[in-house]
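All values below come from the heavy atoms of this structure, side chains included, with hydrogens, waters and symmetry mates left out.
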Amino acid sequence: AHLLAKQLADARVGIIVSRARSFPMTWDARRMLPGPPLTWDTNISVLLRHGVTVGVGILEGWEARNTRFEVAWAALQAPGDISKEDALALASSNLEKIFGLPGSGDFVAYKGGDMFDLEMVRGDILLEGGLIKAVGSIPKKLLAKFGNDLIQTDVNGAWVTPGIFDLHSHIGVVSVPELRGSHDVNSHKGIAQPWMRSLDGINVFDSALPLSISGGVTSSLVFPGSANAIGGQAYVIKLRRTEEGSPMSMVLEPPFSLNTTSPTDPPHWRHMKHATGENPNHAYGSTRMDTMWALRQAYNEARKVLKAQDEYCAKADAGFWEGLAAEVPKDIKWEALVDVLRGKAKVNIHSYSPSDWDGLARLTHEFKFHITAIHHAHSAYLVPQLLEKFYGGKPAVALYKQEAYLGSEFAPKLMNEGGFRVVLKVTQSDHPLLDSRYLLWEAQQAHRYGLPLNKALQAVTTTPADVAGFGHRLGYVQPGYDADIVVWDSHPLSLGATPQQVYIDGIPQIEQPKKVLKPEVLQHPPRNPDWDKEAREVVKYRGLPHLKGNKVDEVILYNVKSAWERQPSGRFIEVQAQAQPSMNGRVQYDGIMHFADGNLVCSSFRPDLLCHGNSLPDIPRIDLEGGTVGPGLTSFGGYLGVVEIDQEPSTNDGDSYGPFDNEFAVVADLSRAVDGLSFEGRDMLLAYRAGVTTSVASPRTRTMFSGLSVALNDGASHSLENGAIIKNITAVHVVIGVSYITSQPSVSTQIGLLRQIILSKDDSKVTGWFKAVLEGELPLIVHTQGADIMAKLLALKAE
C-alpha cells in the first residue's frame, strides 16, 4: 500500500494492515517495506506521513490479545513518524473511523510491575577469521598485531548477543513469496520416509534469508514438513550467502554421509524429523493408531539392519571371516534411522498433544532411542511427569488447531520451573507460516509472562544451539566460538528491539543498516508483573482457567500514572499525574479515577470531573502501581466470534457462500456475520482481558463476496445481552486476488464483476448493499494485498 500512499490519501481510502510486522508471504506482497534495519520506512509510516487513515488488524483470533504490543512495535520501528498517540489510534480511533463506529466509552487499566536484573559483560569483542577471539578488556598488544588491517566499530554501548538459532524452520524449502515451483517441504509418497532430505529442496534464493538475518537469525535447523510420521532428515544451515552459492555450502557440520569425513573425526550430528497428530492424520486419512504403527514399523526395519550390522562386526572382530560378505550390511532407506538407534542422530518431533506423548515414550523404550525435542508442545506444562518417562531423559520443549487449544502464555515459565530446557519458536507454527525474522518477539512475550530474563534470551540463542548439538561453537559470546553475533538498538527483550548489525562468521550481513534511535527506557530490561497466581490457576484448571472477569458496579483506581483522554477529533492524548514521595520509598502518583455503572464518575485527570479524596465512597479500590488507563482497543481480521478453532468446523460459523455461487441455491444475498456469532470463545475472552473490548468480524469465505461484518463487545456472554452488538451491519466485505484464493476467477473478472454490481440499476438485495456504499451509508472493505490491485480499485472508485 505504501506505493499508493498519495493516491490513497487523495481518494480518502483507509488501509488496515494485517499485522504491523509485515512479511512478503505472497507474490502480491513482495514489494512491502520491511523497515529497519533494511529500510528507513515501514508501510505504516509512509501511509501516515501522507495522511492515510491506517488501522492495524490481525490474521487469526489468537493474535488479538497482543494488539497493544503490535501497535507499540509499529511505533518503535518509526519513532520519528509514529508517536504514541498515532500508535494508539492504529487500534482504536482509526479503526472506529474506517468502520463508522461510535467512539468506545470503554476504559482499560494496566498495572505497573517490577524489574529484572541481567548479568552482563561490558567491553569489546574481537572477531578474527570467523571466530570470537576475545571478549571484555582486550590487551592493546593483541590488537597491535593487526596494524592498519584492524577494522574498529563503535557500537556506543549497545547490547550484543549470540546470533539467534531457529530450531524449527522451513526456510528455503518453503520459499517466499510462496510459489508452487519452490514449494518442497512435504513428500506425500509415504507416511514414513526417513530417506528424504530437506537439503535436496533448499532454495538459496529464498527472499526470506536476508529478512530473517535482519531479525538477528544466524542459523536455522531446516526440517522437511510435518505431513509424515517420518518426514526425513533435517540440516542446520548458516543463513549467510556463500561464495559457492549452493545449499551444501551453507550446511554446518555436515554428517559423514554427506561429505565422507573420516568417522574418527568428532561426530557430526544427524537430525531427523517426526510428526504425530492431526498433520499426518489429515495428509493420509489415518488415525493416531496408524501413525504410531508406521513409526514402530519403520524403527523395526532399522533395528533389523542394526542387528545384521552388529552380527557382521562381531564375527569380523572374532576372526570368523568365512562366509562374510565383502561389506557391512547396509540399506540406504533405513540407514538414517539406524543412526538414531546408535545415538548418532537427534530426533525432533512435531507433536502438540499428550495423547501422542505416552505412545512416543513407549516407542523410545521399545527401540532404545532418545527424543531431543518436542515441537509445538503447547500443553507440555500440564503433564511434566509424562515427559520424564521418555527413554534417555526428558526432551527439550519448543513452545492452531484443537491440539494447541490448551496452550498458555505461562507455559515457558512453568516448563522452566519444572527443570525443562525451553526453546522458543515462531508462535503457533514455524517459518514461513510466521516469519522467523520475529523470533525474538517470542522471547519478549515469554519474558513478559514470567520466563526469567536470562532463560528467555537463551531460549532463542544458547538453548536451541545446545539442543541441536552445536553448543560447542554457537550460542555464546565467548572466545573460540563462531563469530555469529547481533548488535541491538535496545535491550533485546524490550519491545521493538531491532538489529543494528548482524555478523555471521565475522562478516557483517547488512550492507547499509538503518539505525533507529530508541528511548533510554528501552535500553534496560523491561518491567514485568508477578504472574505466579495466574500461572497456578492455568495448571489448576488443566489449561482452561476461568477467563470471565468479576463484574463490579463501582470501583476506584488509584496510584494511576497517566490516562488517555479522547479529543473532539476522536484521537487520544496522554495526561500525566504528579509523582509523590511515599513512606516506603516507592514513587506514588496522585491519579485517581472513580467508575460506577459503567461510567466515569470523577477523575483527577479531568478538570470538569475532579475527584475529591475525602468525599470518595467506601468501595473496592485497586492500586494500579503507577500504571495507565487507556481506551478499549478495537480488533479486526481474526474472525473473533466467527471462528474458534480454525481447523475444527464444528467450532466455527463455517465458510459463507457468495450470492452467485452455484453451490448455494438460497435467495441471493450477502451473508451477515451477526447471524453466526458465538460468544465467550477462548480467543475472544483472552483478547478482552488484554484490553481489546471491541471486535469487527466479517463472515469467513473462500469466494469473492465475504458478506456483511458486525461490531461486537468482546466481553458479552451472548448476542441478546445489552450492549453485546455494537453495530449489526458494519461494512460490506469483498475479497480480490488470486495468490491466496484458489477457487476464484481472474483478478480482471473479479474487478469486472465488482464494477458491474456497483453500477447496476437493478433492485436486488446484493446491489442494494452496494448502493448503501455509494451513498456513504456503509464502508466497502476490500481484502487484498498487491499495489497493482489497489491501483485498479482506486480507479474503479473514481469511475
Side-chain angles (χ1 to χ4, degrees), residues 19-21 23 56 58-77 91 110-111 113-116 118 161 164 166-168 215-217 375-381 397-400 404 406-417 422-431 433-461 463-464 488 490-498 522 525-532 534-535 538 543 633 635 638 682-683 686-687 689-692:
R19 294 197 192 112
R21 297 166 295 132
F23 183 58
V56 167
I58 58 177
L59 289 178
E60 300 188 46
W62 60 266
E63 298 174 276
R65 70 194 75 168
N66 292 326
T67 296
R68 66 187 190 277
F69 302 136
E70 195 79 38
V71 297
W73 186 92
L76 291 169
Q77 295 307 297
Y110 301 99
K111 270 194 174 184
D114 300 317
M115 183 176 292
F116 285 79
L118 174 70
T161 69
I164 291 175
D166 186 356
L167 191 69
H168 192 132
V217 181
H375 298 245
H376 309 279
H378 295 301
S379 51
Y381 68 95
V397 289
L399 307 164
Y400 43 25
L406 299 179
S408 169
E409 61 269 43
F410 305 117
K413 164 186 166 66
L414 292 166
M415 295 307 294
N416 175 67
E417 291 172 354
V422 176
V423 176
L424 294 169
K425 52 193 291 300
V426 184
T427 298
Q428 194 195 35
S429 199
D430 24 73
H431 180 93
L433 297 183
L434 288 178
D435 184 8
S436 66
R437 179 187 178 193
Y438 304 113
L439 188 51
L440 189 66
W441 168 277
E442 310 304 327
Q444 293 164 357
Q445 291 190 82
H447 177 49
R448 168 71 181 173
Y449 292 107
L451 186 63
L453 187 145
N454 62 327
K455 295 295 184 181
L457 277 175
Q458 290 172 4
V460 293
T461 55
T463 305
W488 300 95
S490 50
H491 188 281
L493 290 183
S494 65
L495 190 64
T498 301
L522 297 181
R527 301 169 59 191
N528 293 315
D530 180 354
W531 297 106
D532 285 347
E534 289 82 359
V538 167
L633 303 179
S635 173
R682 193 158 186 260
D683 287 334
L686 285 168
R689 285 167 64 100
V692 181

(request) Mind telling me whether His168 and His376 have parallel, tilted or perpendicular rings, with 30° and 60° as the class edges? (result)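 It falls in the perpendicular class, over 60°.
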
(request) On the 0 to 90° scale, with breaks at 30° and 60°, tag the Trp73-Tyr438 ring pair as parallel, tilted or perpendicular. (result)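 The arrangement is perpendicular - the two ring planes meet at more than 60°.
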
Ignoring hydrogens, what is the shortest heavy-atom contact between [X] and [Y]? Give both atom names and the distance.
X      : Y      : value
Pro526 : His491 : CD-ND1, 4.2 Å
Leu424 : Ala443 : CD1-CA, 3.5 Å
Thr67  : Ala91  : CG2-CB, 3.6 Å
Ser408 : Tyr381 : CB-OH, 3.6 Å
Ser490 : Ala497 : OG-CA, 3.4 Å
Ala72  : Leu495 : CB-CD2, 3.4 Å

(request) Start with the C-alpha gap between Asp683 and Arg65, add the side-chain angles, then the distance that decides, and say whether salt bridge (Lys or Arg N to Asp or Glu O under 4.0 Å) holds. (result) CA-CA 8 Å; Asp683 287 334; Arg65 70 194 75 168; 2.8 Å; yes

Close side-chain approach of [X] and [Y], heavy atoms under 4.5 Å:
X      : Y      : value
Lys455 : Val422 : no
Asp532 : Lys413 : yes
Asp435 : Arg21  : no

Between the side chain of [X] and the main-chain N/O of [Y], is any donor-acceptor distance below 3.5 Å?
X      : Y      : result
Trp531 : Arg448 : yes
Glu70  : Ala64  : no
Glu63  : Glu60  : yes
Thr498 : Gly496 : yes
Asn528 : His447 : yes

(request) Quick one: list whatever passes salt bridge (charged side-chain N to carboxylate O under 4.0 Å, His left out) with Arg68, sequence neighbours left out. (result)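 Partners of Arg68 under the salt bridge (charged side-chain N to carboxylate O under 4.0 Å, His left out) test: none.
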
If I take atom [atom1] from residue [X] and atom [atom2] from residue [Y], how far apart are they, to the nearest 0.5 angstrom?
X      : Y      : atom1 : atom2 : answer
Ser436 : Leu167 : OG    : CG    : 12.5 Å
Leu453 : Leu493 : CG    : CG    : 5.0 Å
Asn66  : Trp441 : CG    : CH2   : 6.0 Å

(request) Start with the C-alpha gap between Glu534 and Phe410, add the side-chain angles, then the distance that decides, and say whether side chain to side chain contact (heavy atoms under 4.5 Å, CB included) holds. (result) CA-CA 8 Å; Glu534 289 82 359; Phe410 305 117; 3.6 Å; yes

